[in-house]
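Computed from a prediction, not measured in an experiment: that's the story for all the values here. Atom set for the values below is all heavy atoms of this structure, side chains included, hydrogens, waters and symmetry mates excluded. The residues of the chain are indexed from 1 along the displayed sequence.
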Amino acid sequence: MEKIWLKSYAPGVPTEFDFEPIALHKALKATAQRFPDRPALNFMGKLITYSELQDLTERFSAGLASLGVGQGSKVALVTPNLVQTVVAIYAALRLGAVAIPNNPLYTDRELTHQLQDSGSEYVVAWDTLVPRMLSLREKTGVRGVIICHLRDFLPFPLRQLFPYVKRDLHLKIPKQSGVHEFMDLLKQSGPTPPEHDSHPDDTAICLYTGGTTGVSKGVELTHGNLSANCRQLRAWCPGFRDGAEVILGCLPLFHSYGLTAVMNMSTFHGWCNVLIPKPEPKPILQAVEKYKITLIPGVPTLFNAIIHSPDVKRSGLQSVKGCFSAAAPLPLETIRGFRDLTGITISEAYGLTESSPCTHAIPLGGQEKPGCIGLPMPGTDAKLVDIDDFTREITDLNTPGELCVKGPQVMKGYVNRPDETALTLRDGWLLTGDIATVDEDGYFTVVDRKKDMIISSGFNIYPREVDEVLFECPKIREACAVGVPDAKSGERIKAFVVLETGVQATEEEIVDHCRKRLARYKVPKYVEFVDELPKSAVGKVLRKNLRSDIGNGPNA
């Protein structure tokens with residue numbers, strides 16, 4: 001496919017992408033030399049400069065080395081957004097080890113699988129999760145657990161008060177073999193080990209997919225993949241300045257979006273990362289106003305929550321210069337609501353864990369096309385192929401096909417799954433599993449997941465289209481459409497609906513709303529009202545979970 005999207009790039013965005021890959025830990029060292037006194041992290045008011053972050057990283061790498069961690073070791077993390085999370089990742093990479101962030105909300109079964117599959121040897125864990133990690137140690141190859149406490153990096157006087165006012169968030173672990181305190185390892189008196197000379201093709205991070213399309217798989221991302229994606233995102237933001245921005249760190253760092261667009265993005269460019277351990281609208285809005293946040297990477301549910309928060313004040317958002325939304329489709333009503341509130345148009349971005357993650361985005365300062373995922377980022381190629389035949393490229397505009405991407409941010413492969421890697425990576429192209437179209441300006445639009453497609457009476461129905469229509473109903477806050485088995489037509493559509501607070505509606509009202517806006521075969525046959533939709537840790541609605549629950553609801 002001809003790169004027709006290049007003509008639509010915003011002013012200042014390069015059409016050619018030429019960069020020198022750099023290891024993530026070396027990027028931190030370089031930034032600490034450029035901006036030694038610039039705040040790198042802000043944790044509940046506690047500021048840590050880049051020189052201090054580099055020092056913490058070097059000292060913790062000495063602690064890890066004393067345990068035997070070195071080149072090729074696997075260090076897992078099961079933590080929220082803490083200072084220790086950032087330090088531990090860069091310290092592990094500094095030794096040539098692989099960092100494996102895990103979702104703290106996962107079940108023991110899920111964590112057991114990921115620890116075993118990745119070959120994790122040490123786990124850095126939040127204290128409240130340590131008892132679980134100790135029980136899992138017997139089922140996995142984990143040799144030791146390193147304990148992090150929320151209080152460790154709190155500012156005075158919160159640190160002194162925390163154990164008493166937040167007993168549910170603080171757990172004292174008895175001393176035992178194979179269990180180490182994070183702060184004790186920082187105080188190791190041994191010499192700082194030399195920095196490993198990491199190659200761009202070396203695996204840096206192993207992230208496990210959320211399992212929304214099947215068994216959770218470990219994605220190997222190299223230093224080259226992750227450094228490239230940081231440079232691509234930076235090129236997309238020509239109006240931002242190195243050493244001057246403040247980024248909201250509410251996205252979990254165990255997710256590829258938070259890892260790249262928050263942690264690594266800020267580290268590469270000397271920005272201050274305001275860490276939010278528990279992302280809720282009120283503390284997020286307070287942080288935006290208090291710390292003069294300039295960039296908000298978020299997810300649709302976050303922006304939707306901000307719009308509907310009773311604590312939101314237009315004046316408190318005046319410092320914000322840009323917003324990115326990814327990890328799930330961004331409803332048009334959310335775009336409009338946020339723009340009405342702030343005057344800012346959210347840039348919808350797109351990507352996968354397998355692409356580090358960003359491949360497309362609406363240009364900041366360029367042409368706005370709400371509902372699109374935007375243009376391929378610098379250095380990224382894209383094409384559409386037949387859903388059932390990768391070799392047949394679709395070149396007609398506005399014609400659906402499976403989106404395939406190629407670029408320096410595309411993963412090395414899946415851990416221990418050569419067959420799945422071969423199916424997903426073909427001739428250098430990453431098959432995304434998403435169905436998309438492209439218009440004359442090079443803007444791509446995802447119409448749905450390949451595996452989420454509903455087939456009713458021979459018609460292909462993309463549930464995203466139904467979702468958008470449901471969102472247009474003023475009584476609906478959130479909605480999600482799925483296919484349910486039907487003996488006559490194969491599948492029919494069922495809509496799960498969350499109403500606005502204090503509002504009532506009937507199934508007939510919702511169906512009538514859709515009937516006026518959709519072809520008859522796309523109108524939901526069933527409507528179930530629910531209090532909330534199941535979501536992943538980053539706010540992505542889990543359509544798969546809704547499908548698995550069908551049969552339990554009153555309208556099934």
*Asks:* Who are the salt bridge (Lys or Arg N to Asp or Glu O under 4.0 Å) partners of R59, not counting sequence neighbours?
*Replies:* D55
*Asks:* Closest approach of A32 and Q54, non-hydrogen atoms and distance?
*Replies:*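 Residues A32 and Q54, closest heavy atoms: CB-CB, 3.9 Å.
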*Asks:* Minimum heavy-atom separation for V538 to P252, with atom names?
*Replies:* CG1-CG, 3.3 Å
*Asks:* Give a yes or no answer on whether the side chain of T294 reaches the backbone of V246 with a donor-acceptor pair at less than 3.5 Å.
*Replies:* yes
*Asks:* Which residues pass the side chain to side chain contact (heavy atoms under 4.5 Å, CB included) test with E121, not counting sequence neighbours?
*Replies:* S73, K74, R143
*Asks:* Between E402 (side chain only) and V385 (backbone N and O only), is there a donor and an acceptor less than 3.5 Å apart?
*Replies:* no
*Asks:* Just to verify, what does S118 make a side chain to side chain donor-acceptor pair (under 3.5 Å) with, not counting sequence neighbours?
*Replies:* S120
*Asks:* With sequence neighbours excluded, tell me which residues meet side chain to side chain contact (heavy atoms under 4.5 Å, CB included) with T432.
*Replies:* Y350, L352, L403, V405, D434
*Asks:* Does the separation of the ring centres of H25 and H196 fall below 6.0 angstrom?
*Replies:*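 Ring-ring flag for H25/H196: false, centres at least 6.0 Å apart.
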*Asks:* Show me the pairs that pass side chain to side chain donor-acceptor pair (under 3.5 Å) and involve residues 263-272, at least two apart or across chains.
*Replies:* Y90-N264, Y90-T267
*Asks:* Under a 3.5 Å distance rule, please check whether E348 uses its side chain to pair with a backbone N or O of S325 as donor and acceptor.
*Replies:* no
*Asks:* Do the charged groups of K175 and E181 touch, with an N to O distance under 4.0 Å?
*Replies:* no
*Asks:* Is any side-chain heavy atom of L364 less than 4.5 Å from a side-chain heavy atom of F240?
*Replies:*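 Side chain of L364 against side chain of F240, heavy atoms only: contact under 4.5 Å found.
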*Asks:* Please list, chain by chain and in numerical order, all residues satisfying salt bridge (Lys or Arg N to Asp or Glu O under 4.0 Å) with D197, sequence neighbours excluded.
*Replies:*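 Here the qualifying residues are K26.
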*Asks:* Applying salt bridge (charged side-chain N to carboxylate O under 4.0 Å, His left out) as the test, list every pair that has at least one member in residues 29-46; sequence neighbours left out.
*Replies:* K29-E195, R34-D242
*Asks:* Please say which of I146, L111, L115, L134 ends up in a side chain to side chain contact (heavy atoms under 4.5 Å, CB included) with V123.
*Replies:*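 For V123, the side chain to side chain contact (heavy atoms under 4.5 Å, CB included) test succeeds with only one of I146, L111, L115, L134, which is L115.
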*Asks:* Please verify the inter-ring angle class for H180 with Y122; under 30° counts as parallel, over 60° as perpendicular, anything in between as tilted.
*Replies:* tilted
*Asks:* Under 3.5 Å, side chain of T421 to main-chain N/O of R417, donor-acceptor pair present?
*Replies:*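 Yes; at least one donor-acceptor contact below 3.5 Å.
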*Asks:* Test of understanding: with side chain to side chain contact (heavy atoms under 4.5 Å, CB included), list the residues that count as partners of A422, not counting sequence neighbours.
*Replies:* none
*Asks:* Under a 3.5 Å distance rule, please check whether T31 uses its side chain to pair with a backbone N or O of G270 as donor and acceptor.
*Replies:* no
*Asks:* Run the side chain to side chain donor-acceptor pair (under 3.5 Å) test against Q71 and tell me which residues pass, sequence neighbours left out.
*Replies:* none
*Asks:* Run the ring pair (Phe, Tyr, Trp, His ring centres under 6.0 Å) test against F390 and tell me which residues pass, sequence neighbours left out.
*Replies:*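 Residues passing ring pair (Phe, Tyr, Trp, His ring centres under 6.0 Å) with F390: none at all.
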*Asks:* Testing T359, T260, T380 for side-chain hydrogen bond (donor to acceptor under 3.5 Å, both in side chains) with Q409, which one passes?
*Replies:*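 So the option named by the test is T380.
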*Asks:* Does D202 reach the main-chain N or O of H199 with its side chain, forming a donor-acceptor pair under 3.5 Å?
*Replies:* yes
*Asks:* Looking at D201 and K412, is any side-chain nitrogen of the basic one under 4.0 Å from a carboxylate oxygen of the acidic one?
*Replies:*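 Salt bridge flag = no for D201 with K412.
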*Asks:* So, using side chain to side chain donor-acceptor pair (under 3.5 Å) as the criterion, who are the partners of S177 when residues are at least two apart?
*Replies:* none
*Asks:* What residues, two or more places apart in sequence or in another chain, satisfy side chain to side chain contact (heavy atoms under 4.5 Å, CB included) together with T85?
*Replies:* L77, T79, L82, I89, L253
